[in-house]
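Step one of this worksheet: look at the structure below.
In what follows, chains carry the letters A, B, and so on, assigned in the order in which the sequence lines appear, proteins first and then strands, with residues in each chain numbered from 1.
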2 protein chains.
Amino acid sequence: MKVSKGTMAEHREQIITAAARRFREGGFDNVSVGDIMKEVGLTHGGFYGHFSSKDELVALACLRAMTETVAKWQKVSDDAPGDRLEALVDFYLSLRHHDRPEAGCLVAALGSELSRQPSAVKEAVTVGQRKAIEFLSRIAPGKTKVLRRKQAILAFAAMVGGMIMARGTSEPQLRQEILDTVAESVPNSVRATS
Amino acid sequence: MKVSKGTMAEHREQIITAAARRFREGGFDNVSVGDIMKEVGLTHGGFYGHFSSKDELVALACLRAMTETVAKWQKVSDDAPGDRLEALVDFYLSLRHHDRPEAGCLVAALGSELSRQPSAVKEAVTVGQRKAIEFLSRIAPGKTKVLRRKQAILAFAAMVGGMIMARGTSEPQLRQEILDTVAESVPNSVRATS
DNA sequence: ATTATCTATAGATCTATAGATAATGC
DNA sequence: ATTATCTATAGATCTATAGATAATGC
């Protein structure tokens, strides 16, 4: 039953990866330690050899998800033929992202649950938020650093809010109107930010 | 033990009111039927004489919360000495709203949990979202109806996202930067929307 | 007589722990 | 010998239901 140290380290990574996906899919409360361990092919009892509590895994999974998201943003903006921020906004507010919260932005998938998480979780998310804002500042069009940071925060807020509103709507027409309107307006708005 | 029909109707209202507050405070999953009934001064067993399921109460509580919020927005904008939308944005992105999710916007308090709720709940929220967007359209500055609606959707998205980001942050300085930046940028952004 | 509420409970689920098992690694 | 994982379980909690109780309202 015992596995090598290398395999155990792999298991740990697999648990964090599975958790990052499953939590975004089902919410922190509706995904149990047992669910995640089963997905990795282990039993729930072994979990506590890897982590001291479910909360510890939640914090690690949040940071993992946010780091992966910013890395994906980097690729999307690098591949953009035209305006990098505009390409990112279209990518973020796509129907594809809407339909796959488990593979997308953690703040959009779990944002309103974060305020009720223990401080270790919020601290991990804060690190991720800073990375996201810093990345967006780099592709924002403003002339000064201060201005680009303001543009980054505004763009992030509008994208997160737009996606959450779209996911909370039962009518496909309103949903698409929200995604399209925000995607279309953010680039103009960013340029107007001072 | 039995009460009059009038009292029973009052109890029903009290249950919905308590639920609307407690759900925004703790999330749908972390507030039990028993918690809500206890707050109203009843026992959990009597709940099913009022509602067929917890989900039914969730839907009613969501609609209640959103309707109350839009009513409050109306008052805030009516009392504004200057620009009505600007006053509303400042009110929404205030530290006071940040600190009291249970008395504020449902989309900011529970937004990312909505996509996982049954369709009856999402339909109730959609009704509320339409009311919110229609209200914001009325105080938006655009020349045409179509333009004002776009401005309303952008402003709502930025406000929701800004509040959720602020509540998910553990650092007070970053939190305040997010609230201030979005509050300051939305009015300019709205004017730039076309 | 009807029915709003209460008491008690079935059935399900979840986190965390304890001790057993069996493979690694000194 | 050490330890990663497994089996089993304690303790807690939640939704929903069933039957009892006692006050309303015909």
Practice item. Name the nucleic acid region contacted by A:His11, choosing base, sugar-phosphate or nothing; use a 4.0 angstrom heavy-atom cut-off, strictly under. Key: sugar-phosphate
Regarding the side chain of A:Val3, the nearest nucleotide among C:dT15, C:dC14, D:dT5 is D:dT5
Whole-Å distance, B:Leu42 CG to C:dT7 C1', equals 14 Å
task: Classify the nucleic acid contact of B:Gly45 as base, sugar-phosphate or nothing, counting any heavy atom under 4.0 Å across all strands shown.
output: base
Whole-Å distance, A:Met8 CE to D:dC6 P, equals 11 Å
Quick note, A:Lys54 side chain, CB onward, closest among D:dT15, D:dC6, C:dA16 is C:dA16
Separation of D:dC14 atom P from B:Phe23 atom CZ, nearest Å, is 12 Å
TODO: Determine the contact category for B:His44: base if any of its heavy atoms lies under 4.0 Å from a base atom, sugar-phosphate if only primed atoms, P, OP1 or OP2 are that close, otherwise nothing.
DONE: base
By the Watson-Crick or G-U definition, both distances under 3.5 Å, C:dA4 is matched with D:dT21
Winner on side-chain proximity to B:Tyr48, out of C:dC6, C:dT15, D:dT15, is D:dT15
Side chain to side chain donor-acceptor pair (under 3.5 Å) test vs A:Thr169 passes for just one of B:Glu123, B:Lys122, B:Gln129, namely B:Gln129
A:Lys2 NZ to D:dT5 P, in whole Å, measures 10 Å
When rounded to whole Å, the NZ to C1' distance for the pair A:Lys5 and D:dT3 reads 10 Å
Item checked: Electrostatic pair B:Lys54-B:Glu56, nearest N-O below 4.0 angstrom -> no
*May I ask you to say what A:Thr43 touches in the nucleic acid, namely base, sugar-phosphate or nothing, with a heavy-atom cut-off under 4.0 Å?*
base
Taken to the nearest whole Å, CD/B:Glu56 to C1'/D:dA16 is 14 Å
Note: A:Cys105 and A:Tyr92 closest approach over all heavy atoms is SG-OH, 3.2 Å
Give B:Ser53 one of three labels, base, sugar-phosphate or nothing, depending on what nucleic acid heavy atoms sit under 4.0 Å from its own.
sugar-phosphate
